[in-house]
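This report concerns only the one structure given below.
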Amino acid sequence: MGKGGCKSSSLGESCPIKNKNQNKTSILEKERKEKIQAEPKFIWAYDEEPHRRRKQEILLKYPSIKKFMGIDPNTKYKVVFWVGFQVLSLHLLQGAPWYTWLFCCYTLSGSINHMMTLAMHELSHNLGAKGVVSNRFLAILANLPMGIPAAMSFKRYHMEHHKFQGEDVVDVDIPTNFEGWFFHSTARKVLWCLLQPLFYSLRPLFVNPKEPTRWEYINILCIALFDGVILYVWGTRELLYLVVGTLFGMGLHPVAGHFIAEHYVMNKGQETYSYYGPLNWLTFNVGYHNEHHDFANISGKHLPDVRRVAPEYYDDIPHYHSWVKVIWDYIVDDKISPYSRVKRVTMENREIEELKAKGGLVQ
């Protein structure tokens, strides 16, 4: 056979590399078709997630953005301050009437504990300190006042959300088919918002379960010890102040609007949205979500700088100024539901199983 062909020892034997590539494409297309047929109401994309390409374009045009990459040393001070503030609140609210307790639980504990979930988010990207281990312990510290272990499991799933955005089975940020089927009316979407902490924490266990790692056991132990100290020193009411505050803050709460705002498709053709409003001050600028997905190695402190340097990539695409309005629109608009998420199939089932077998991207 001439140049460019492949040698074979018998008639009818074709080039193995070509066959392998064709076979892979055929398998992927077949599996994609099956998944779309099984869950047709989601928004299915046939291309890769948009952030990798945009990041490359921006870096070519604005290489100076690289100077913003790296940690924010102030993050650790913010975490220590707000964890301390939550503990102080337990002392100050002792003996308070139930209505004062409930008000503070929703407004103070809910907002602060949600802020700590976003500190955990920042630290999952290793943007709060030098070294992976330091960031892990800081994330566990941020997790303490929530009363429920979450930091280390969140890190494992969140890294996959970034690398495999929208990937069926792998990206557990996407609601299940059941959620889309059941929570479709206005009343049920209100209930879905209230129960969001439940879905956010339990969905991964059903969609993409992972064996717990050593760090997750450390996380559980630290939370259990902290909760035990709270019970011993103050009592059940004070522990409930933390735990219920976490549930309030992640449920029907203004700050929780970012859960919907980030990736629910409210404008056809766009799957990630930024928010440029004042609640970014409380949330490590997580509202700058297109900027964050484009540059996950830039801390929240410098995400506004990304927009400032490359405004043409962010100012001219749909974005928000109110998370409360996002929640309202989601609830009252019949065209928006848990199905309003982009899904894609770029991995074969075999590749997904191999990723699961090694415990995911992060152990």
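Residue indices begin at 1 and follow the sequence shown.
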Check whether any side-chain heavy atom of W215 sits under 4.5 Å from a side-chain heavy atom of N219, and report yes or no.
no
Would you mind reporting whether M152 and V362 have side-chain heavy atoms less than 4.5 Å apart?
no
Which value, rounded to the nearest 0.5 Å, describes the distance between F164 atom CZ and I352 atom CD1?
9.0 Å
Non-hydrogen atoms of N143 and A151 that approach each other most closely
OD1-N, 3.1 Å
Would you name the heavy atoms of Y106 and P254 that are closest together and state the gap between them?
OH-CD, 3.6 Å
E354/R350 ion pair, N-O < 4.0 Å:
yes
Do S322 and V326 have side chains that get closer than 4.5 Å, going by heavy atoms?
no
Does CZ in F206 sit with more than 12 non-hydrogen atoms of other residues, nucleotides or ligands closer than 6.0 Å?
no
Taking side chain as C-beta onward, heavy atoms only, is Y330 less than 4.5 Å from S340?
no
Can you see which heavy atom on L242 is nearest to which on N113, and at what distance?
O-ND2, 3.0 Å
Yes or no on side-chain contact (heavy atoms from CB on, under 4.5 Å) for K30 and K35, after CA distance, side-chain angles and deciding distance?
CA-CA 9 Å; K30 178 176 179 291; K35 290 180 178 181; over 6 Å; no
Answer yes when K356 and E353 have at least one side-chain N-carboxylate O distance shorter than 4.0 Å, and no when they do not.
yes
Are H263 and V342 side-chain neighbours, meaning at least one heavy-atom pair lies under 4.5 Å?
no
Among T75, I71, N74, find the one that has a side chain to side chain contact (heavy atoms under 4.5 Å, CB included) with K301.
N74
Do L60 and Y314 sit in one hydrophobic cluster, given that two such residues count as connected whenever their side-chain heavy atoms are within less than 4.5 Å of each other, even indirectly?
no
Are the charged groups of R203 and E179 less than 4.0 angstrom apart, N to O?
yes
Is there a salt bridge (charged side-chain N to carboxylate O under 4.0 Å, His left out) between E49 and K163 once you walk through the steps?
CA-CA 9 Å; E49 56 87 12; K163 186 172 178 61; over 6 Å; no
Heavy-atom donor-acceptor pair, K155 side chain to S124 backbone, under 3.5 Å:
yes
Does the gap between the ring centers of Y273 and H289 come in under 6.0 Å?
no
Would you check if the side chain of N285 reaches a backbone N or O of L303 as a donor-acceptor pair within less than 3.5 Å?
no
Within-4.5 Å side-chain heavy-atom neighbours: F248 and L194:
no
Less than 6.0 angstrom from the centroid, inside 45 degrees of the normal: does K210 satisfy that with respect to the ring of Y157?
yes
Could you check whether R344 pairs with D47 (Lys NZ or Arg NE/NH1/NH2 to Asp/Glu carboxylate O, under 4.0 Å)?
yes
How about F259 and H114: are their ring centroids closer than 6.0 Å?
yes
Roughly how far apart are S153 OG and I220 CD1, rounded to 0.5 Å?
7.0 Å
Would R52 and E48 pass as an ion pair if we require N to O under 4.0 Å?
yes
Heavy-atom distance under 4.5 Å between the side chains of E122 and H125, does that happen here?
no
Minimal heavy-atom distance between P50 and Q165, with the atoms involved, is CD-NE2, 4.3 Å
Can you tell me how the ring of H158 sits relative to the ring of H161, calling it parallel under 30°, perpendicular over 60° and tilted otherwise?
tilted
Please state whether the rings of F178 and F182 are parallel, tilted or perpendicular, taking 30° and 60° as the class boundaries.
parallel
Report the distance from atom CZ of F226 to atom CG of L239, rounding to the nearest 0.5 Å.
9.0 Å
side-chain contact (heavy atoms from CB on, under 4.5 Å) for R307 and D315? Distances and angles first, verdict last.
CA-CA 8 Å; R307 183 190 180 201; D315 289 355; 2.7 Å; yes
For H319 and Y288, run ring-ring contact (aromatic ring centres under 6.0 Å, His included): C-alpha distance rounded to whole Å, both residues' side-chain angles, the deciding distance at 0.1 Å, then the answer.
CA-CA 9 Å; H319 52 266; Y288 288 78; 10.0 Å; no
F81-W281 co-clustered via ILVMFWY side chain contacts under 4.5 Å
no
Salt bridge present between E291 and R308 (N-O < 4.0 angstrom):
no
Scanning both residues in full, the closest heavy-atom pair of G245 with C105 reads N-SG, 3.5 Å
For the residue pair F199 and W192, does the interplanar ring angle fall in the parallel (under 30°), tilted (30 to 60°) or perpendicular (over 60°) class?
parallel
Answer yes or no for K189 and F183: cation-pi contact, defined as NZ/CZ to six-membered ring centre under 6.0 Å and angle to ring axis within 45°.
no
Check this for me, if you would: do R54 and D294 make a salt bridge, where the nitrogen-to-carboxylate-oxygen distance has to be below 4.0 angstrom?
yes
Spacing of CG belonging to D72 relative to CD1 belonging to I298, to within rounding of 0.5 Å:
12.5 Å
With rounding to the nearest 0.5 angstrom, report the CE to CG distance, M146 to D227.
11.0 Å
Distance-only polar pair, side chains of S26 and E29, donor-acceptor under 3.5 Å
no
Are F42 and N177 packed together at the side-chain level, in the sense that at least one heavy-atom pair is separated by less than 4.5 angstrom?
yes
With side-chain contact (heavy atoms from CB on, under 4.5 Å) as the criterion, how do Q270 and V265 come out once you've worked through the C-alpha distance, each side chain's angles and the decisive distance to 0.1 Å?
CA-CA 6 Å; Q270 185 173 330; V265 178; over 6 Å; no
Any donor-acceptor pair under 3.5 Å linking the side chain of N280 with the backbone of G287?
yes
Using modelled atom types and a 3.5 Å cut-off, is there a donor and acceptor pairing between side-chain atoms of Y313 and backbone atoms of I317?
no
Is the CD atom of E211 crowded by more than 12 outside heavy atoms at less than 6.0 Å?
no
In Å, rounded to the nearest 0.5 Å, how long is the span from NE2 of H292 to OG of S274?
10.5 Å
Which of parallel (below 30°), tilted (30 to 60°) and perpendicular (above 60°) describes W323 and H258?
tilted
Going only through I, L, V, M, F, W and Y residues with side-chain contacts under 4.5 Å, is there a path from L144 to L93?
yes
Considering non-hydrogen atoms only, spot the tightest contact between A142 and A119 and give its length.
CB-CB, 4.1 Å
Would you say I260 ends up clustered with V332 if hydrophobic residues are merged whenever their side chains have heavy atoms under 4.5 Å apart, either directly or through other cluster members?
yes
Expected output: side-chain T100 to main-chain A96 donor-acceptor under 3.5 Å
no
Carboxylate-amine/guanidinium proximity below 4.0 Å for D173 and R341:
yes
Working note: Q94 + L90, criterion side-chain contact (heavy atoms from CB on, under 4.5 Å); need CA distance, chi angles, decisive distance, verdict.
CA-CA 6 Å; Q94 280 187 301; L90 301 180; over 6 Å; no
Is it the case that one hydrophobic cluster holds both Y77 and L141, taking links as side-chain heavy atoms less than 4.5 Å apart, direct or via other members?
no
List the steps, then state whether ring-ring contact (aromatic ring centres under 6.0 Å, His included) holds for Y320 with Y276.
CA-CA 6 Å; Y320 305 117; Y276 303 127; 9.7 Å; no
